[in-house]
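Here the structure is laid out as structure tokens; the discussion comes afterwards.
Predicted, not measured: the structure shown is a model, and the values here were computed from it.
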Amino acid sequence: MEKKSIPGRRRGEQPSLAQSCPALANWFASPLGKEILSQQLALAQPLVEGLFGYHLMQAGVTSAVDFAACSRINHRFRFNACRGQKGAAQVEFEQLPLPSESIDVALLHHLLDFSPQPHQVLREAARVLIPGGHMVLIGFNPFSLLGLSRLLFSGSAHQRGNQLRAARVADWMNLLDLQADKVERGFFRLPLQQRELLAKTAWMERLGARWHLPWGGFYIIVARKEVARMRTIKIDWRGERKPAISVVPSSSQIAARRRHQKH
């Protein structure tokens, strides 16, 4: 049976976030998607709760979970690429409708995974962050049981993304003056859709969390926007010798010096 292509999309081209969001929302509503969202929320909550400021932007591919509900920041708002997402305004993440250096915390949920322009999405999120602000980025790990499943099955919505490594994303951040301070990983079990089988592989979760194994199905990066520091140089003006003022002598002064030297 021939697969239907997305209207306006060329073969081999990453669809836009607006095109991917409906399928991703359905996948996150599945037993596997709900389990991953539950673990992401459990890991992200203490990280977000420890960040402070005045304005928090939450942007993602689904509105099923509110990662910022635990935040102490009063002004919190949500952006989404799809129309009709609960409590979220539809925007283009490649060009955010926000002034530069206006957001204290930016939370990105799988935006880089499914954007055709992940560099530009990250660049825009860094642009709106204030110096000293924080970015919390959640992405899928391609070197995991969940990521490797795309080699066998490519029909699921979560398997059509960019599949970016955490180290690669951290390198991109560094170019934008974002310093990755912490990386958390989760979902070490088999990517199964049956609730009973997911429950039976819970031991894999405990093992991965205890030993901090690098092949979790997703990662959470917390990065801080560094501020370029200017070094202040103090000059002790009282200790400095004043420069001598050189004056060109007149012809009469030169003659007087010569007479003085003869005597």
Reported CD-to-CZ distance for the pair Q120 and R127, which is rounded to 0.5 angstrom: 9.0 Å
Are L32 and V65 grouped together when hydrophobic residues (ILVMFWY) are joined by side-chain heavy atoms under 4.5 angstrom apart? yes
Look only at the side chain of E124 and the backbone of L96, and say whether a donor-acceptor pair between them is shorter than 3.5 Å. yes
Which heavy-atom pair separates F140 from D113 by the least distance, and what is that distance? N-OD2, 2.8 Å
Taking E205 for the side chain and F187 for the main chain, is one N or O donor matched with an acceptor at less than 3.5 Å? yes
Do V128 and I130 share a hydrophobic cluster (ILVMFWY, side-chain heavy atoms under 4.5 Å, transitive)? no
For the side chain of E49 and the backbone of C70, is there at least one donor-acceptor N/O pair under 3.5 Å apart? no
Given the side-chain rings of Y54 and H75, with only the six-membered ring counted for Trp, is the space between their centroids under 6.0 Å? no
Under the 3.5 angstrom rule, does the side chain of N141 hit a backbone N or O of Y219 as a donor-acceptor pair? no
Any chance CD of E94 has more than 12 other-residue heavy atoms, nucleotides or ligands included, within less than 6.0 Å? yes
Considering only NZ, NE, NH1 and NH2 on the basic side and carboxylate oxygens on the acidic side, decide whether K182 and E184 come within less than 4.0 Å. no
Given side chain to side chain contact (heavy atoms under 4.5 Å, CB included), test M173 with L122 step by step and report yes or no. CA-CA 8 Å; M173 287 180 166; L122 185 63; 4.2 Å; yes
Measure across S20 and P15 and return the closest heavy-atom pair with its distance rounded to 0.1 Å. OG-CG, 3.4 Å
OG (S30) and CG (L37) are apart, to the nearest 0.5 Å, by 9.0 Å
Within the distance-only criterion (no hydrogens, no angle test), does the side chain of D104 pair as donor or acceptor with the backbone N or O of H55 below 3.5 angstrom? yes
Counting distance only, does the side-chain N/O of S102 pair as donor-acceptor with the main-chain N or O of P99 below 3.5 Å? yes
Would you say the ring centroid of H109 lies under 6.0 angstrom from that of F28? yes
Report the C-alpha separation of I138 and H110 in whole Å, then their side-chain angles, then the decisive distance to 0.1 Å, and conclude whether the side chain to side chain contact (heavy atoms under 4.5 Å, CB included) test is met. CA-CA 6 Å; I138 303 174; H110 294 298; 3.9 Å; yes
Is there a donor-acceptor contact under 3.5 Å from the side chain of Q45 to the main chain of A42? no
Is a donor on one side and an acceptor on the other found under 3.5 Å between the side chain of R76 and the backbone of Q58? no
So, for A18 and A81, which heavy atoms are closest and what is the spacing to 0.1 Å? CB-O, 3.6 Å
Test of understanding: clusters of I, L, V, M, F, W, Y form through side-chain heavy atoms closer than 4.5 Å, transitively. Do L41 and L137 belong to the same one? yes
Side chains of S63 and R78: closer than 4.5 Å at any heavy-atom pair? yes
What distance do R189 atom CZ and S144 atom OG have between them, rounded to the nearest 0.5 Å? 13.5 Å
same_hphob_cluster(L17, V91) at 4.5 Å side-chain heavy-atom cutoff: yes
Same cluster (ILVMFWY, side-chain, under 4.5 Å), L175 and V121: no
Given the rule in the side chain to side chain contact (heavy atoms under 4.5 Å, CB included) test, do V183 and I220 qualify, once you have shown the distances and angles that lead to the verdict? CA-CA 6 Å; V183 179; I220 303 177; over 6 Å; no
Over all atoms of both residues, closest heavy-atom pair of R185 and L213: CD-O, 3.8 Å
Any donor-acceptor pair under 3.5 Å from N162 side chain to L164 backbone: no
I'd like to know whether L146 forms a side chain to side chain contact (heavy atoms under 4.5 Å, CB included) with W215, so could you lay out the CA-CA distance, the side-chain angles of the two residues, the decisive distance to 0.1 Å, and finally the verdict. CA-CA 9 Å; L146 179 67; W215 53 76; over 6 Å; no
Using a 3.5 Å distance criterion without hydrogens, assess whether the side chain of N80 forms a donor-acceptor pair with backbone atoms of G60. yes
Kindly give the heavy-atom pair with the smallest separation between L108 and A125, and that separation in Å. CD1-CB, 3.8 Å
Nearest-0.5 Å distance that lies between atom CD in Q40 and atom CD in E35: 10.5 Å
Out of L51, V48, L47, which one pairs with L107 under the side chain to side chain contact (heavy atoms under 4.5 Å, CB included) rule? V48
